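As the structure is a prediction and not an experimental result, all values here were calculated from the model.
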Amino acid sequence: MKKLFALIAVFGMLSFGASVVAFAQEQDTTQAATEQAATDSVTQAQAQSSDLTADPVEQAAAKAESGKSLHSMLKQYFIQGGPSFMAFVLIALILGLALAIERVLYLNLATTNTKKLLANVEEALDNGGVEAAKEVCRNTRGPVASIFYQGLDRFDEGIDVVEKSIVSYGGVQAGLLEKGLSWIALFIALAPMLGFMGTVIGMISAFDAIQVAGDISPSLVAGGIKVALITTVTGLIVAIILQIFYNYCVAKIDSIINSMEDASISLLDLLVKHNLKK
């Protein structure tokens, strides 16, 4: 799982680096594109003046096709929001998603069919004794099987020792299930905070521009506020995405822990019955 998390994080960082390079290249070509767009607009104006009988529907369709794609709009918003703060929010998203995906995979692999496992352990106890039951647990993945193995390994020491061993090792397995959730919660709280900080700094820059201009222009104020709020929106979106993964992981952990507790009680009952048959 650690290797998987590292691969996901490295892939995300490489993607982020490639995006930043693309953004830089786009900024470098903005002026040239603007000049070309001005030339094209003049040409289009001449063409439109020479063809006044064009269909308005076709003109609207052509204008819609010339609109920006979603990817280009995201890149534009990233640049407008300020790469310095947007980069930190994006890093929080990448790291948070890497941790969340690692936890989701781990928790799904840790899920065990406890009823089937109990049936196999009971059958092994009846046919081959404790060693056969331990072999069944050894060949089954998941925290429930690990707890069963720890309890069966101390069967010779008495039921009380088995119960204490199950309780102690159950706490260890619960800690392993909850590993990494605190970091996901950190990124959930950190992403909107970074967005708010970018917004505050953007508002300060907007008021500085107003002070320099000496006049409150509606376009100047609206443009500054729009750019400042982009970081807040991005931070909130990141927090919402990570919160969904976090809640899923918490619900999955609660389900696994409940299964562990219920299965542990059933195992103790099986061991008591097996002990009475001896």
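To the nearest 0.5 angstrom, Ser266 atom OG is 10.0 Å from Glu122 atom CD. If you take OG1 on Thr140 and NZ on Lys116, they are separated by 8.5 Å, rounding to the nearest 0.5 Å. The CD atom of Glu123 sits 5.5 Å away from the CG atom of Asn127 when rounded to the nearest 0.5 Å. Rounded to the nearest 0.5 Å, atoms CZ (Phe187) and CG (Leu194) are 10.5 Å apart. Separation of atoms NZ (Lys273) and CG (Leu268) is listed at 12.0 Å; rounding is to 0.5 Å. Atom CD1 of Ile184 sits about 11.0 Å away from atom CG of Leu95, to the nearest 0.5 Å.
Summarising the geometry of Ile147 relative to Gly170, their closest heavy-atom pair is CD1-CA, 3.7 Å, with the distance given to 0.1 Å. Scanning all heavy atoms of the two residues, the minimum distance from Thr231 to Gly195 falls at OG1-O, 2.9 Å. The two residues Leu107 and Thr111 have their closest heavy-atom pair at O-OG1, 2.9 Å. Shortest non-hydrogen contact noted between Ala239 and Ile188 is CB-O, 3.6 Å. Contact between Thr114 and Ser259 at its shortest, heavy atoms only, is CG2-CB, 4.0 Å. Taking all atoms of both residues into account, the shortest heavy-atom contact from Cys249 to Ala100 is SG-O, 4.3 Å.
Within 6.0 Å of atom CZ in Arg141, 12 or fewer heavy atoms from other residues, nucleotides or ligands are found, so the atom counts as exposed in its surroundings. Remark: Tyr149 OH is packed, more than 12 non-hydrogen atoms of other residues, nucleotides or ligands lying under 6.0 Å away.
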(request) Just do the side chain to side chain contact (heavy atoms under 4.5 Å, CB included) check on Val161 and Asp156 with the steps written out, would you? (result) CA-CA 9 Å; Val161 177; Asp156 295 335; over 6 Å; no
(request) Kindly determine whether Lys252 and Asn108 satisfy side chain to side chain contact (heavy atoms under 4.5 Å, CB included), including the steps that lead there. (result) CA-CA 8 Å; Lys252 193 70 173 179; Asn108 280 278; 4.0 Å; yes
(request) Would you please test Glu157 and Arg154 for salt bridge (charged side-chain N to carboxylate O under 4.0 Å, His left out) and show each step? (result) CA-CA 5 Å; Glu157 301 177 17; Arg154 289 164 175 78; 5.0 Å; no
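Formation of a donor-acceptor pair under 3.5 Å by the Asp262 side chain with backbone atoms of Asn258 is not found in this model. For the pair Arg103 (side chain) and Leu177 (backbone), a donor-acceptor distance under 3.5 Å is present.
Using a 4.5 Å heavy-atom cutoff, the side chains of Leu118 and Phe148 are in contact. In this structure the side chain of Cys137 reaches within 4.5 angstrom of the side chain of Leu152, judged on heavy atoms. You'll find the side chain of Ile253 reaches within 4.5 Å of the side chain of Leu181, heavy atoms only. Between Ile230 and Met86, the closest side-chain pair of non-hydrogen atoms falls below 4.5 Å.
No continuous path of ILVMFWY side-chain contacts below 4.5 Å connects Leu186 to Leu236, so the two sit in separate hydrophobic clusters. Linking Ile, Leu, Val, Met, Phe, Trp and Tyr residues whenever their side-chain heavy atoms come within less than 4.5 Å places Val104 and Leu242 in a single cluster. Follow the hydrophobic side-chain contacts under 4.5 Å out from Phe245 and you reach Tyr248 in the same cluster. Note on Ile265: it does not cluster hydrophobically with Met260, by side-chain heavy-atom contacts below 4.5 Å among ILVMFWY residues. Tracing side-chain contacts under 4.5 Å through hydrophobic residues (I, L, V, M, F, W, Y), one reaches Trp183 starting from Ile94; they form part of the same cluster.
Residues Tyr169 and Gln173 have side chains that bring a donor and an acceptor to within less than 3.5 angstrom of each other.
Of the candidates Val130, Leu125, Val121, Ile166, Leu125 is the only one forming a side chain to side chain contact (heavy atoms under 4.5 Å, CB included) with Leu271. Applying side chain to side chain contact (heavy atoms under 4.5 Å, CB included) to Leu93 and the options Ile91, Val89, Leu90 leaves one that passes, Leu90.
Between Glu131 and Lys134, at least one side-chain nitrogen of the basic residue sits less than 4.0 Å from a carboxylate oxygen of the acidic one, meeting the salt-bridge criterion.
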